[in-house]
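Structure, as structure tokens:
Chain letters run A, B, ... following the sequence lines, proteins first and then strands; every chain starts at 1.
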2 protein chains.
Amino acid sequence: MPAKPSGAPQRRSRNTGAATASGGPPLSLERIIATAVELLDTQGVDGLSMRRLADRLGAGAMSLYWHVGNKEEVFDLALDAVLAYHPPEAEAHGWRANVVHMLEDWRAAMLRHPWSAALLPRRALGPSMLGRLELLSQTLSRAGVADADLNVAIWSVWNYVMGATITRGSFDRSPDDLAAAQRRLTELGERYPSIDRSRLLLDSDWDGAFKKGLDLLLDGLTPKR
Amino acid sequence: MPAKPSGAPQRRSRNTGAATASGGPPLSLERIIATAVELLDTQGVDGLSMRRLADRLGAGAMSLYWHVGNKEEVFDLALDAVLAYHPPEAEAHGWRANVVHMLEDWRAAMLRHPWSAALLPRRALGPSMLGRLELLSQTLSRAGVADADLNVAIWSVWNYVMGATITRGSFDRSPDDLAAAQRRLTELGERYPSIDRSRLLLDSDWDGAFKKGLDLLLDGLTPKR
DNA sequence: CGTCTGACTCGTACAGTGTACGAGTGTTTG
DNA sequence: CAAACACTCGTACACTGTACGAGTCAGACG
């Protein structure tokens, strides 16, 4: 029996210097995840296959499975890596600025890595997301939101950002798709006149709308001062 | 040359009565999509393969490709089928009730078909979604939202529902997963004290929180009366 | 009647996928 | 030295989406 208990994969990565067959740097969980993120950024969700990932690492496909239980875990870890939050060290701008910073950082991270929006609904909450939730929870609580309203407040803000990011992410497609959308929209002008008139899908100031809506929400959720 | 121009797949479905090899009812786009939804409901996103779908229809796998361009299109059509909105015929409850009804119906549909949340971020807006957007746009506009604020209002509400549904969807997992989550959460109580204290992930009254948050948003977005 | 055209079905084949299995390597420990 | 460990990886298998082309049948046209 070699090792590899499937119940709790170990991923110790002591990495005592053994290089891969092609002489590249040794495999490690960090390197695997970093390369996975790279691959996802350049090729999208469907572009990530275990073989391609291994190739980029100069390793055999099955070598990955020593460090990782299965492909899903690669997705989980890549997602979590990309969503990690490092709050700014010097801050005294008040609770609201902190919350807004964290949420905008979240949104920015997901837009920087568009595949994350497609992955998020499938995966459970990883440490990064839990950390953000915890921060949100603490900050709102400290801002004076009553315990009875806290959960509503947290989820409202959370959901808003989640939805805004996912919606937004589904709109920056390739120029081809964009041209097609333009064509289709004018053709559909009669069927969807109000959407057409407001140029909802075309001219929307996403970032501005995001910020405005968030402000409104926070105004409504926290005790007025 | 048989036919089948790949540029614009035809899917006419004249269906002159030719039955499938196994004697079942003939293939048609409607039957394919309905069965696809069935399969997605019972087996999830990964459970839908062209071969399985064809088997359920009593047809050969490649027969599907006469009616459908590729697998992605099956996803698109299934998603759109599930998200179609049929507003109640008799309504005079005012604009707000109409908006709320449509949004709750949307949320209910997505929770009834959990795979839809995973699919939505990947696909463009289909007719059903556009129809809902159009309705939302018209209703808010008629309710007195100024043109300048209209897009912000639409997207805020939209994003809220989207996020709420996706978040919520990622929490009703199998009993196994739920037990595991419970175990993990108490273990993580020290790392995420505020989440733990508020029992944010466990006891949350999702439906109540959804409605409250939505009310708050609508209050903030529409002219006060 | 024969032939033709188009609608539709489907068997085969191919390249690609995730990963189970087990043999291999080199290092550390007893 | 031997045994245990940490790790790598080639082969194999079941399964995927779908390109290709042959096959079936209904109705139209001569």
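Contacts of P87(B) classified as side chain to side chain contact (heavy atoms under 4.5 Å, CB included), with partners at least two apart in sequence or in another chain: Y85(B). Under the side chain to side chain contact (heavy atoms under 4.5 Å, CB included) criterion, D196(A) pairs with L185(A), sequence neighbours left out. Looking at residues two or more places apart in sequence or on another chain, you find a side-chain hydrogen bond (donor to acceptor under 3.5 Å, both in side chains) between D105(B) and R132(B). Remark: R56(B) pairs with T35(B), E38(B), L39(B), T42(B), Q43(B) by the side chain to side chain contact (heavy atoms under 4.5 Å, CB included) rule, at least two apart or across chains.
Between the P atom of dG26(C) and the CH2 atom of W66(A) lies a distance of 17 Å, rounded to the nearest Å. Residue L27(A) contributes atom CG, which lies 17 Å from atom P of dG26(C) at whole-angstrom precision. The separation between L53(A) atom CG and dT19(C) atom C1' is 14 Å, rounded to whole Å.
The side chain of H67(B) contributes an N or O atom lying less than 4.0 Å from OP1 or OP2 of dT9(C). Within the structure, a side-chain polar atom (N or O) of S63(A) is placed less than 4.0 Å from OP1 or OP2 of dC9(D).
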Could you pull out all donor-acceptor pairs under 3.5 Å where a side-chain atom in residues 47-54 of chain A meets a protein atom, sequence neighbours excluded?
from	atom 1	to	atom 2	distance (Å)
S49(A)	OG	R52(A)	N	3.1
R52(A)	NE	G47(A)	O	2.8
R52(A)	NH2	G47(A)	O	3.3

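Only one option out of N98(A), V99(A), V161(A) pairs with L136(A) in a side-chain contact (heavy atoms from CB on, under 4.5 Å); it is V99(A).
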Produce the list of close N/O pairs, under 3.5 Å, pairing protein atoms with atoms of nucleotides 15-18 of chain D; give distances to one decimal.
from	atom 1	to	atom 2	distance (Å)
dT16(D)	OP1	S49(B)	OG	3.3
dG17(D)	OP1	K71(B)	NZ	2.6
dG17(D)	OP2	M50(B)	N	2.9
dG17(D)	N7	R51(B)	NH2	2.6
dG17(D)	O6	R51(B)	NH2	2.8
dT18(D)	OP2	Y65(B)	OH	2.8
dT18(D)	OP2	K71(B)	N	2.9
dT18(D)	O4	R51(B)	NH1	3.3

